[in-house]
Amino acid sequence: MIKLATTSLLLAAGTMLATAPAAAASTYAKTKYPIVLAHGMAGFDKIGPLDYWYGIPQDLTSNGASVHLTQVASFQSSEVRGEQLLNQVQDILAITGAEKVNLIGHSHGNQSIRYVAGTIPLRIASATSVGGVTKGSVVADLIKQASDLAVIGAPLTTLLTSVVNGFGALIGLAAGETLSQDSLAGLNSLTTAGAASFNAVFPAGVPTTSCGEGSYSANGVNFYSWSGTGVLTNVLDISDAGMALTSLAFAGQANDGLVSRCSSHLGKVIRDNYRMNHLDEVNQILGLVSIFETNPKSVFRQHANRLKLAGL
Ligand code: CA
């Protein structure tokens, strides 16, 4: 299930995108430091690191940014994924000769970028979390609960069955298929308890109140976040149905289908209620997002401009 691209492949993709700005249409997103994108969990190893951010790297590049894609294990603990990203960031720093990079992580990529920012802060200009699981997800809590019940053969409640089915649909698991050990490690990292353990080691930017902002900067790293609270946003997108099931886990609390509004906060909260679900945040599936909301590509482009204006 876990498939890692080779470093040379990753850098080939990064270099390809990094060379494109010569023909960039504008300098609106031309940040001082390269932008490194870190993906989230789930079955995205099937679509690859470029298509994960549907159209976003191309949009940033055509506006002058130097964009680098990375790929870590789709399902692993925050620490294993963080170490994999750290190695790739060090390669990008070495090859570009850049003094620092701007990290942007989606979903479980939140923990990956914070791991790297906490390990080599002098080389990181900013860490931005998009729909990030800063304080864990009740979806992960319930799936872990269902998994524990399955071990002892106990029946699942209707809520647990709905959440498990919705989650399975989102990550591409066939009915009846069970999570692998690596998947369970990934899941444990995303529970409320797992996230709290990680936050104890990497506290920078994490809000100390239940739904406030975090420190805007720590150890020279600037922290930002944004997220959505839409679930059913596009009738043509089949992934909305799975998200509608997992969103039941939140019992009415604002969420993007997989992460609550408050859990997504890290550093400066740019906005936490876009009409976007968890996949809309990265312009999925195939650009099927709400037509009544700012396009996700615009949100990334505006953020790159924000970094540029901040001298980052
Ligand atoms: Ca969508």
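Whatever order the structure lists ligands and atoms in, that order sets their numbers, starting from 1.
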Subject >> Criterion side chain to side chain contact (heavy atoms under 4.5 Å, CB included) against Ile113, the qualifying member of Asn102, Val36, Leu103 >> reply: Leu103
**OP:** Rounded to the nearest 10 degrees, what's the angle O of Gln284 makes with O of Leu288 at the Ca ion (ligand 1)? Could you check?
**Re:** 90°
**OP:** Would you sort out whether Gln284 and Ser239 count as a side chain to side chain contact (heavy atoms under 4.5 Å, CB included), showing the intermediate values?
**Re:** CA-CA 9 Å; Gln284 295 286 3; Ser239 68; over 6 Å; no
Original post:
What atom name does the N, O or S atom of Asp280 nearest to the Ca ion (ligand 1) carry?
Top reply: OD1
Subject >> Contact check, side chains of Ser126 and Tyr224, non-hydrogen atoms, under 4.5 Å >> reply: yes
Subject >> For the Ca ion (ligand 1), the closest N/O/S atom belonging to Asp237 >> reply: OD2
Subject >> side-chain hydrogen bond (donor to acceptor under 3.5 Å, both in side chains) partner of Ser78, the single match among Glu83, Gln111, His108, Arg114 >> reply: His108
